[in-house]
Amino acid sequence: FPVERIRNFSIIAHIDHGKSTLADRLLEITGAITKTQKNKQVLDKLQVERERGITVKAQTASLFYEYENQTYLLNLIDTPGHVDFSYEVSRSISACQGVLLIVDANQGIQAQTVANFYLAFEAQLTIIPVINKIDLKNADPERVENQIEKVFDIPKEECIRISAKLGTNVDQVLQEVVKRLPPPTFNREDPFKALVFDSNFDQYRGVIANVALFGGCLSKGDRIVSAHLGKSYEVNELGLLKPEELPMERLYAGQVGYVIAGMKEVKEAQIGDTLYHQKHPVEPLPGFKPAKAMVFAGMYPMDQSDYSTLRSAVEKLTLNDSSVTVQRDSSLALGAGWRLGFLGLLHMEVFNQRLEQEYNASVIVTAPTVPYKAILSSPRLIKEHGREEITIVNPAQFPDRSLVKEYLEPMVMGTIISPDDYIGKIMSVCLNRRGIQKNMVYIDDHRVMMKYLFPLNEIVVDFYDHLKSMSSGYASFDYEDAGYQAADVIRMDILLNGKPVEELTTIVHRDRAYSAGKAMCERLQDAIPRQMFEIAVQAAIGSKVIARETIKAFRKNVLAKCYGGDITRKMKLLKKQAEGKKKMRYIGTVQVPKDAFINVLKRK
Ligand code: GTP
């Protein structure tokens, strides 16, 4: 297929603005799927995606389109639709020459619209603004066009108004893709070079890598190398995605397709990596970085007897998602489990949900934490770690203040877009989360865009929900990595009658210690049943107690209320009590049921 008649493009949008619906229409128009094929939104394959209505894994399709008596090959590269996956978004769009930037005609520009715009803009792509849902009663395309002109500096005449749902003007979208986007400039005579922009694992065929060819051509039987790991493979199968796989003998520069080459794990075909011919090494494409876990959580089977079932489920899921990091972990209270690292909160939620849905596994997930860093001052520790700067994921390994020069915490730059009625409330929520306002602009008569620098730790737990609920659902939020900053963080221990409970140790900001300690003590007070003696529940920093609750001693024993009752009932109660004890853990002489740990540790 001649390169001049190829167009590679992505659709980018804020969640729910209609990306999948438009993709479906484009597939219908070009005959890749028929209208009668009632599989709504073919591009979103995974069950979680369908249920939550979000695109998690990128899916891709090659479309043939007739324009002015010529056939064009339009490669639609679907991108994951959420902030957590922005690195993946940036890799997928780097395989394109242009994007369709979808904006809902009623909601207007939202936080992810802005984030996605900048990804495309920085990659110097042609951006076609598309205003969707013009069929809605309260659609206001004019206002949205003005926003686009103001915020992105794109002339409003360039916007295309469509209804993806009804199909209005969708054909025009394809025409504009052909007209406005440049063809890829890659050369077939160059050595073969391809970008991996997605990869999936298939139980029978191994890794299926989605690739965009930046040069040369690739045939069945070729020996290729992946630049990141330097391993070599033989190509067993390759072809186009329509979106089903269509095997071919060869792929050429400018095309997009899939490659199967005996890779056993998705880690061997990492997103952003470069493939080349073993005989003709090339300079890898720029911008590759391995996915970086920013949110960690412990994961344990509800019942230890489910451990091996859960282990194989976790293994299977990570086969398909190389961005999850897995480390075995064990907790005295919760048993054997894992410490998993995710790109962000949504990523974590999607993973849990898949685990529960696809593998029917019942799990306990602990509250998420972020990776802190410490610049060590202690020569002994520096020697032990072989370096000055260490990353701390587990609070138990938090080095004492006396051994470090400074602690650092991960920061993010957040974008919030909201009607201006909520400015006051939003500012106070942000301040509460230690946010620092960097910027605020009006994007139209009564909507503002605010930029805040936040410690990641402050937004990992329910920030987004909070923002949504206090703005009646109108505020949108997105964030990007903003590096590390010095922070006054400390280690907080929880004590039961003076004995520390290892699994409840946390790292907190000094200003937050008191409220976090108090909350933890209160939760424990509720979760631990009364016993024969009084129990002091304390939060402490070093040797200083900062919060305390008391669990009063038990007055009656379990049998008290059975006096006069029959003996089998007494036996039952005693048996129940004995079973309960098996699941207890002792902290000193205090019995803590497993449930109490679960209640305190799990995410709310
Ligand atoms: P993510 O995959 O989560 O990023 O969402 P999306 O952008 O793919 O949105 P999707 O296509 O799933 O559409 C979201 C909702 O908007 C669905 O309920 C669609 O039916 C609806 N929708 C999409 N396009 C239109 C449209 O043109 N008009 C109307 N009225 N509704 C639309």
Side-chain angles (χ1 to χ4, degrees), residues 9-29 32-33 35 37-61 76-90 92-93 99-117 119-120 127-145 159-174 198 243 343-347 349-350 353-354 417 464 468 473 476-478:
F9 71 105
S10 276
I11 306 177
I12 53 179
H14 188 80
I15 227 153
D16 274 353
H17 282 196
K19 192 177 79 177
S20 311
T21 310
L22 177 61
D24 277 0
R25 281 303 95 75
L26 299 181
L27 262 63
E28 271 174 26
I29 292 187
I33 53 165
K35 260 199 196 123
Q37 232 175 322
K38 280 246 159 56
N39 54 338
K40 204 181 146 286
Q41 302 185 355
V42 232
L43 288 178
D44 285 3
K45 281 187 194 154
L46 298 157
Q47 190 189 356
V48 197
E49 293 186 0
R50 293 207 171 183
E51 279 185 14
R52 299 185 49 117
I54 49 156
T55 323
V56 179
K57 260 320 219 174
Q59 305 283 351
T60 290
L76 164 57
I77 296 175
D78 195 12
T79 55
H82 193 270
V83 21
D84 284 355
F85 309 103
S86 72
Y87 169 67
E88 294 187 7
V89 177
S90 75
S92 356
I93 65 176
V99 295
L100 300 172
L101 179 67
I102 314 278
V103 188
D104 181 307
N106 170 31
Q107 292 191 5
I109 292 179
Q110 300 287 304
Q112 281 165 50
T113 320
V114 179
N116 284 322
F117 167 82
L119 289 176
I127 296 167
I128 303 178
V130 176
I131 304 195
N132 186 29
K133 310 198 189 181
I134 55 166
D135 60 292
L136 287 176
K137 234 197 268 153
N138 40 5
D140 190 351
E142 177 111 29
R143 181 175 61 87
V144 179
E145 283 169 4
C159 297
I160 311 173
R161 296 182 182 186
I162 69 161
S163 163
K165 190 172 171 183
L166 305 180
T168 322
N169 290 345
V170 171
D171 192 58
Q172 194 196 338
V173 171
L174 288 174
D198 192 20
L343 300 175
L345 280 182
L346 180 86
H347 187 206
E349 241 174 76
V350 166
Q353 218 176 329
R354 259 185 217 166
I417 292 184
Y464 188 57
K468 272 271 175 215
S476 64
F477 175 71
D478 199 356

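For ligands, and for the atoms within them, numbers begin at 1 and follow the listed sequence.
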Contact (N/O only, under 3.5 Å) between Ala13 and ligand 1: no
Nearest-option assignment for atom 32 (C) of ligand 1, heavy atoms, candidates Lys133, Lys137, Gln112: Lys133
Results of side chain to side chain donor-acceptor pair (under 3.5 Å) for Ser10 - residues two or more places apart only: none
Exam field: side chain Ser476 to backbone Ala111, donor-acceptor pair closer than 3.5 Å: yes
Between CD1 on residue Ile12 and CG on residue Leu100, distance to nearest 0.5 Å: 8.5 Å
Atoms in ligand 1 flagged as close to Thr21, the criterion being non-hydrogen separation under 4.0 Å: 10 (P), 11 (O), 13 (O), 19 (C), 23 (C), 24 (N)
Separation between CG of Asp16 and CG of Asn132, rounded to the nearest 0.5 Å: 11.0 Å
Evaluation steps, side chain to side chain donor-acceptor pair (under 3.5 Å), between Gln110 and His17: CA-CA 10 Å; Gln110 300 287 304; His17 282 196; 5.2 Å; no
Within reach of ligand 1, part of Asn132 (heavy-atom separation under 4.0 Å): side chain
Check: Ile77 and Phe9 side chains under 4.5 Å, non-hydrogen atoms: no
Minimum non-hydrogen distance to atom 8 (O) of ligand 1, winning option of Ser163, Ser20, Gly18: Ser20
Numbering as shown, the atoms of ligand 1 that approach Leu136 to under 4.0 Å (heavy-atom distance): 30 (N)
For Lys19, the ligand 1 atoms whose distance to one of its heavy atoms is below 4.0 Å: 6 (P), 7 (O), 8 (O), 9 (O), 11 (O)
Sub-3.5 Å N/O-N/O distance, Ala164 and ligand 1: yes
